[in-house]
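Comments concern the structure below.
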Amino acid sequence: MNAPLHLERPVLATARAAETPLIELRQAGVCFAGHEALQPLDLHVHAGERIVLLGANGSGKTTLLRLLHGQLHCSSGERRVPRDAQGREPQQAMLFQRPFLLRLSVWRNLLLALWLAGVPRAERAERAARALARVGLEEHAQRPARVLSGGQQQRLALARAWAVHPQILFLDEPTASLDPAAKREVEALVLEFAAEGMTVLMSTHNLGQAKRMATRVIYLEDGRLVVDRPVERFFNDPLPPEAALFLKGELPWH
Ligand SMILES: Nc1ncnc2c1ncn2[C@@H]1O[C@H](COP(=O)(O)OP(=O)(O)OP(=O)(O)O)[C@@H](O)[C@H]1O
């Protein structure tokens, strides 16, 4: 009989055993009014990983992202995050399928985010300008944020996240409503951020995107962690039947 697949560990596990994880879940589960959205699971997130969450609608991807981010509390178990000398968690940012942008200019949306993150006033304009340049939106600074195209809005959301220098970036289906070109632009930016050292956790329904973006893939079904593997092994090795069926159903991927 096969060992339960959710107990598999990524290849780097041995090398990383001594590393302190950025986020650790210990038998952490989430219930909403008696409904078990996420069954208790153990998970370590290490610096530099790009973890992609896969699973059907309602499988628990968003719930897991929000739990890791600290937006949701565990109903059982615990979430541990090492804090710095000031008792702060690592800086984190989260992006959603549809960016939440205020009825302000692109520029003011950025400044507001920097203010909320506690960035001193004297630094805000320079950081905002660098962030806009980073995502190629300099020329749109004075336009109302909400009139930008979907792809531009998501790039603005990325600029807003990048500007506060997060150590961990969470993305919940960030390209689900974008056309292929805009999707590739967002993917390229996220990969650039990751190459600079940002740890990335992302949910998607797009298997091609998981292949392009992930170092590690987690597959969820009905709130249960079924597979947790390095990306090569996820796509090349035999999967448990439910995960194999999911992959088959999602083909062909783009
Ligand atoms: N705030 C909430 N209150 C009650 N139930 C919730 C809440 N958020 C999520 N759920 C339920 O928890 C389960 C997991 O939802 P979740 O949004 O995490 O799934 P998902 O994999 O992200 O789905 P999708 O791919 O559709 O975004 C679902 O049954 C959902 O209805």
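These numbers were taken from a predicted model, which means no experiment stands behind them. Every number for a ligand or one of its atoms is a count from 1 in the order of the listing.
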### Task
Indicate whether any N or O donor in one side chain lies under 3.5 Å from an N or O acceptor in the other, for Q27 and D42.
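Side-chain D/A pair, Q27 to D42: present.
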
### Task
Taking atom types as modelled, find out whether T175 and Q209 have a side-chain donor-acceptor pair closer than 3.5 angstrom.
yes

### Query
How does the hydrophobic cluster around V164 look, that is, which other residues are in it when side-chain heavy atoms under 4.5 Å mark a link?
L114, V119

#### Entry: Pairing residues for Y219 by the ring-ring contact (aromatic ring centres under 6.0 Å, His included) criterion, not counting sequence neighbours
F246

### Query
Quick one: ring pair (Phe, Tyr, Trp, His ring centres under 6.0 Å) pairs with a partner in residues 53-96, sequence neighbours left out?
H69-F170

#### Entry: Residues R130, E138: salt bridge by 4.0 Å N-O rule
no

### Query
Heavy atoms under 4.0 Å from ligand 1: which residues qualify?
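For ligand 1, the residues that come within the 4.0 Å heavy-atom cutoff are F32, H35, A37, A56, N57, G58, S59, G60, K61, T62, T63, E173, H205.
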
